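This report refers to the structure that appears directly beneath it.
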Amino acid sequence: MAPFAFPMPLGSADRDLRPRSAARLVLLALLPSGCHGPQSMLSPHGPQAEAIAEAWWIMFGAACLVLVLVVALALYATLQRAGRPPPARPLRIIVVGGLLFPALALAALLVYGSMLSNRLVGASDPGLRIELIGHRWWWEVRYPDGGPPRALGNELRIPSGRPVLLEMRSDDVIHSFWVPTLAGKLDLVPGRTNRLTLMADRPGLHLGQCAEFCGELHAHMRIAVIAMAPDRFEQWRARFAPTPVPPPAFAHAGCDGCHRHDGQPVDGGRGPDLAGFASRRGAPGDTDALARWLERRHPAQLRSRVADVSAPSPAQADALAEWLERLQ
Amino acid sequence: MSDRRHPTAADAARLHADLAAIWANRPGLGALSAVNHGTIGLRFIATGFAFMLVGGLLAMFIRLQLAWPGNTVLDPQRYAELVTMHGTTMMFLFAVPIMEGFALYLIPKMLGARDMPFPRLSAYGYWCYLFGGLLLYASFLFDAVPRGGWFMYVPLSGREFTPDISADFWLLGVTFAEISAVAAAVELVVAIMITRAPGMAIQRMPLFAWYILATSLMIVFGFPPLIVGSILLEIERATGMVFFDPARGGDPLLWQHLFWLFGHPEVYIVFLPAAGVLSTLIPTFARRPMVGYSWVVLAVLGMAFLSFGLWVHHMFTVGIPLLSLGFFSAASMAVAIPTGIQVFAWIATLWSGRPELRVPMLYVLGFFFVFVLGGLTGVMVAFVPFDWQVHDSHFVVAHLHYVLIGGLMFPLFAAFYYWLPLWSGRMSQRSTAGAAFWLIFIGFNLTFLPMHLTGMLGLPRRVYTYSSDLGVDVLNMLSTVGGFLFAFGVGAFMLDLLLGWRHGVRAAQANPWQASTLEWSLPVPPPNYNFAGVPAVASRDPLWDEPRLPKLIAFGERYLGIARDGAREMLGTSPLDGRPEQVIRLSNSSWWPLAAALATAASFIGVLGSFYLLALLALAVAIGCFVGWAWSTGDRRAPDRLEAGGGLRLPTQYAAHNAPGWWGLAVFLCADATAFAALLFGYVYLWLSAEAWPPAGWPPPAAGPALLFAALLVASSAAIGLARASLRRARLFRRWFGAGLGLGLLALALAGWILLDGLPPPTAHAYASVSASVLGFAWLHVALAWLVALFVAERHRRGWVDAGRPLELRVAQVLWNYAVVVAVLAIALLVLFPRVL
Amino acid sequence: MRPLIRFVQHFPLLAAVAAMIVWAIHFLLVYAGVGLACARGYSTTAVLLWLATTTVLALLVALAITLAGFDRARRPETPPHGQRRRFLARLSALLGGLALIAIVLTALPMLLVPPCR
């Protein structure tokens, strides 16, 4: 089944999981391959996600140790043989195991956590400011600085290797922006602006998803974060190629009621801007599948929200899909 | 004692027959009027178990839908509904009530008491719980099932994004069920404080009572914020007043604060009674008293306190200053220390005893693995940056199920096996019980262990489907298979329990586990009055240290081995040292609780369907029921002092200092004051996020009328005080009391005028809404105190209240003074806050 | 006031948990202080001063409660209520220790994280 936002196959070239340091190489070699994935916090591609993944492995090791110890103790205490002498001072078990050890371990963990969170939030001065607006159920991205104003839907392009500042707000309910391979999540709360510094190490495609339940189609509120080499990013930012003219079906099927395709930031949008639709799919997709999705699933999903939507005919859907595939 | 003839077996049989007649529930449908703690406790347990099965069924649908990507068992809306109802059911209709059921059933039996001190309140609480749960599930009939997630975040659950009545079903159903939780909590606190067996000083209380005391106090302080939040949201949805909508000065995060102010203590409210079960079982099976009694009490009270400093750790990602997150991270880690003390106290007890591996112990061992794992992931999510990644992902789903199922269900299942012989005289077969345990243990871990990884691979919670490219297909399938194994395990457990109940081995003796607590001194099944003679206790482990006790109890020796006047009587003792102080005369079976609960339900339904006339009418009927209820308490003909056995003559509660009514009011006012504090928190919170307070164009309320209002109230309080002092002189009393009532009435009228004249229209801005709510809260309290005072005036006139039996007047006066304090604080806040800050 | 005093008298448990109440008040004060200061943009010095003062005060009070508890717990048990007094004193001391740890943990982030970041 195709989700609300059409699925985003990953171009293999965009995924670079090669570790940079020898230590990381050893670490990764020890990991089951099951820990990796395009949306896995255990495949970090940015400094924030890397630091958090490291903290996870430390905590994971410690937790395994404690778990084994406590369960072994409980089993030993219960399944003991008759005749074994009881501990001389049982209260000492409580003081050492329940008080001293946790107090020290937790104090250390708290210091580590405070320093780490401080480092992550206070990361180097971000250069580029980008606006991120949450809608039910799509992401709007706006570039107010560093070139002509520009808007993207369900796609966030950032230069790799340097931090950008996301200014996040919501248009309706609470959403949460989560791209696990780059950073932890931050909520988009109506009435406030939250700021998140985001940085990707290298060019590549990263997947993210809304993490705060925002209604029916919450599961489909996904976003592609495309990290580009800084010079290519500047190029993209400066270039402003007009999108190809849409087929007549775009108006006939009522697509224009929600979607724009010119990359212009406009308030009150009801659906994502389609400019660049093909590029966020990473590699050329299956045009036919896209057409069938436009014909069946998409109108069905919209029906609960938009009154004036009509399903395109098969031929119209083909034309729309063919046009969408050209929106680089 | 010495000068009394010891009763013979024939005397004992007669006593039992007489007591049985007095304490019997009515036959047939009349059983609905039962108020006895045993009956009500079992009803709570059975209903809670039934709701657990329903909630579990919903979980099976959820797991089925998530078995593979793109599954279509449920559509997105139905999925959201089932997720919401699953969480809501398990938290509000299963976890809290079933443990309250165990507490209601066991606490009097463990403390050596005959019943709970407010039997009709127990019954009312039960009906509120049942009707609340049914109301919630009635939403399926109207196809308006709540679907905003079990924590109902605004604005998603506000009127704009949930225009149908599904959110109202949730808000009203849950609030209704919460009334029950608070009622039971108030009653349990009072029971533990003043109805323990003589000699059961505070340092000799069974540990279970400490856990229940802590839990009940946590409910008293933890539930009111959510009740306030739910009422505010319901008001916002129904009337257009505003608290959470940022467009008119509200703040959606206020809901999150109020919800989690309840929500985190809730986790410990669920865990502590279950831990109390473990602290009862483990010494029994280890054949020695708990190692470090004071340390365990420290752990219980420590957890109870610290759990109130954790609520923001559910809000680490909403954009709060980092240092504030640090405080909550610190508290979240600190709470692991008493938890650690608790766990190691159990281990030390097992270690230094001679443990027997009976069936309940299987679940205890399973508990150690599951709960410790959940606790460790709990420490991880308290680590702020890690939480930024896993918050609201399936990692958290895994964590919370480890904590709740480990911390609640494993001990609960152990408790069923442990107390089955007390209730039925039979025990379960070990072989089938073992099979059920392993199914549950393996199924549970197979469901939730992979889910940690599912979340870290990027699957958020509450998604109805996911895409294959996440790489979580296999893990989800594992979880689904595990979920069904788990369900089979629960089925096997039920079957085993049923077989044990019907056809199990007859327990060789009344105390088959050789336990040390008083409930095991009772006959099987325990009679409604529990103890024919209330025992005296001289140690923490009475049955180990005084083996003669069951016989003394059965022969009605020691205290209250008397059946008289057809009255249900129990002994009240002093809070600290358990010195006999009063004979508490309790209500027999009564229809008032059911009638009051039905009327309450009708008024909730009226609000739900926007039939406000019906709501008001039903409310009037409910108030009528409460008045009837209150009027039928007391006994004008009862002598001031009663023979209590052991050569003691004790006052009844109407003449006693530590009367249950007084204690009940004190504990209830703690809950009420917390609700008021939550409302004031809302006021300050909205002020903090507002640009101008009050919004431009509106002056703050005028000082003159406010001052007059406060003066009237203070004067009324003084008048009531003078009336109390002149209770021996009826005319003077009536004059002062009447003056107090008159002044109160004037103040009520003046408050209405301030509301209309001094504030903007309440729907205009959050400032006006929250100010009106604060004033409305005060007004309601003064009005309630006024009604209660009127009631007492009438009781005095008819001779129920006099200088020798001042209880009702004492209660009315405390309530009056409390209402005055609330009202003066409220008006001071409204007038001073906008001017000073 | 009288009901309140009587409530405390009838509830010496309140005295036993006094140190935890100190923790709760301290927690509330530092949390509210940071929230207020960040929303209203008060100066960092003022915030730090507030945090330091409340923390030192809380630590001192909790320490005093703990030591007093230990002291009372060491006294001989004199009838009629010696056992109960000693139990509550020990409880007060133990909870005092827990409160001290909790306050120290709360203070740790203050040393590591600047306010309002």
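Letters A, B, ... are given to chains in the order of the sequence lines, protein chains preceding strands, and every chain is numbered from 1. Since we're looking at a predicted model, the values are computed, not measured.
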Does any non-hydrogen side-chain atom of Tyr31(C) lie less than 4.5 Å from one of Val312(B)? yes

Kindly say whether the aromatic ring centers of Trp23(C) and Phe308(B) come within a distance under 6.0 Å. no

Pairwise distance CZ(Phe327(B)) to NE2(His26(C)) - rounded to 0.5 angstrom: 7.0 Å

Flag the pair Leu36(C) / Val684(B) as yes when at least one side-chain heavy-atom distance between them is below 4.5 Å, and no otherwise. no

Answer whether the closest heavy-atom distance between the side chains of Pro338(B) and Leu98(C) falls below 4.5 Å. yes

Go through the atoms of Leu298(B) and report whether side chain, backbone, both or neither lie under 4.5 Å from a heavy atom of chain C. both

Can you tell me which portion of Arg84(C) sits under 4.5 Å from chain B's heavy atoms? Options are side chain, backbone, both or neither. both

Greatest number of heavy atom pairs closer than 4.5 Å to chain C - which of Leu322(B), Val297(B), Leu306(B): Leu306(B)

Locate the shortest heavy-atom distance separating Ala39(C) from Leu688(B); write the atom from each residue and the value. CB-CG, 3.8 Å

Relative to chain B, which segment of Cys116(C) carries a heavy atom at a distance below 4.5 Å: side chain, backbone, both, or neither? backbone

Measure Leu669(B) against the heavy atoms of chain C and call it side chain, backbone, both or neither at under 4.5 Å. neither

Looking at Ala304(B), Gly326(B), Ser294(B), Ala299(B), which one has more heavy-atom pairs under 4.5 Å with chain C than the rest? Ser294(B)

Side chains of Arg204(B) and Gln83(C): donor-acceptor distance under 3.5 Å anywhere? yes

Between Leu301(B) and Met20(C), does a side chain to side chain contact (heavy atoms under 4.5 Å, CB included) hold up when you go through it step by step? CA-CA 9 Å; Leu301(B) 297 179; Met20(C) 290 312 294; over 6 Å; no

Does the separation of the ring centres of Phe328(B) and Phe27(C) fall below 6.0 angstrom? yes

For each of Val30(C), Val104(C), Leu88(C), Leu28(C), tally heavy-atom pairs with chain B at distances under 4.5 Å, and name the one with the top tally. Val30(C)

Supply the atom-to-atom distance Leu108(C) CG to Met333(B) CE, rounded to the nearest 0.5 angstrom. 10.5 Å

cation_pi(Arg40(C), Trp693(B)) dist<6.0 Å, angle<=45: no

Report which part of Tyr818(B) has an atom under 4.5 Å of a heavy atom belonging to chain C: side chain, backbone, both, or neither. neither

Taking C-beta and beyond as the side chain, do Pro114(C) and Leu323(B) meet within less than 4.5 Å on heavy atoms? no

Heavy-atom proximity to chain B below 4.5 Å, by part of Ala102(C): both

Using a 4.5 angstrom heavy-atom cutoff, name the option from Val34(C), Val113(C), Leu94(C), Leu105(C) with the most pairs to chain B. Leu94(C)

